[in-house]
Structures are given as C-alpha cells and as structure tokens.
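To start, the structure under review is shown below, and the notes come after it.
As the structure is a computational prediction, the values presented were derived from the model and not from experiment.
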Amino acid sequence: MTEDEFIKLIGNKIKNKREELGLRQIDFAHLIGIEDSSLRRIESGRTNPTVKTLFRIAKALKIELSELM
C-alpha cells in the first residue's frame, strides 16, 4: 500500500463512520473545529490530516484512533 492509498483509506473510514452516525459533512466539520472544505479534502484523501485532527475526529466519532488506521 502506498502513502496516498493509506490516506485515502483513512478518509473513507472517516466518511463511512460519519455517514453511519447520520452526520452531515458541514455539521461534523464544525463539531471537530475545522472548515468543511478541510473535511472534504480529508475524506477524499487529498490531504494528510494531522494527528491532532485525527484525534478530534476519532473522539467525535466515538471510536479509538487506532480504528481509523
């Protein structure tokens, strides 16, 4: 697996879990304190989120950070 594939995998996991919880992208972005455009880039795998952002995402999704990996 390449780095880009890994980042896309994480983004897909975030998107799928967010959708399972019935959260709109814009609402979830505000919940975790980032712009909705940043969340779109994370979920599409176009950006490499920081560990701090991943931590906030996992906490908001009520999952362990390791589950995103």
Output the distance between atom [atom1] ([X]) and atom [atom2] ([Y]), rounded to the nearest 0.5 Å.
X: Ile57; Y: Leu31; atom1: CD1; atom2: CG; result: 10.5 Å
X: Arg41; Y: Ile7; atom1: CZ; atom2: CD1; result: 13.0 Å
X: Ile26; Y: Leu39; atom1: CD1; atom2: CG; result: 10.0 Å
X: Asn16; Y: Leu21; atom1: CG; atom2: CG; result: 11.0 Å

Please identify each residue that fulfils side chain to side chain contact (heavy atoms under 4.5 Å, CB included) with [X], with sequence neighbours left out.
X: Glu3; value: none
X: Ser66; value: Glu64
X: Arg40; value: Gln25, Asp36, Ser37, Arg46

Side-chain donor-acceptor pairs under 3.5 Å in residues 47-55, sequence neighbours left out?
| residue | atom | partner | partner atom | Å |
| --- | --- | --- | --- | --- |
| Thr50 | OG1 | Thr53 | N | 3.0 |
| Thr50 | OG1 | Thr53 | OG1 | 3.0 |

Inset, instruction - Hey, could you give me each pair passing salt bridge (Lys or Arg N to Asp or Glu O under 4.0 Å) that has a residue in residues 21-33? Not counting sequence neighbours. - result: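 Checked against salt bridge (Lys or Arg N to Asp or Glu O under 4.0 Å) - neighbours excluded - the pairs reaching residues 21-33 are Arg24-Asp27.
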Legend entry - Residue pairs passing the salt bridge (Lys or Arg N to Asp or Glu O under 4.0 Å) test where at least one lies in residues 7-18, sequence neighbours excluded: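 Found Lys17-Glu20, Arg18-Glu43.
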Inset, instruction - Might you confirm whether atom CD of Glu35 has over 12 heavy atoms from other residues, nucleotides or ligands at distances under 6.0 Å? - result: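 No, because the 6.0 Å sphere around CD of Glu35 holds 12 heavy atoms or fewer from other groups.
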Legend entry - Side chain to side chain, Leu9 and Leu68, heavy atoms closer than 4.5 Å: no
Inset, instruction - For Arg56 and Gly33, work out which heavy atoms get closest and say how close. - result: NH2-O, 4.3 Å
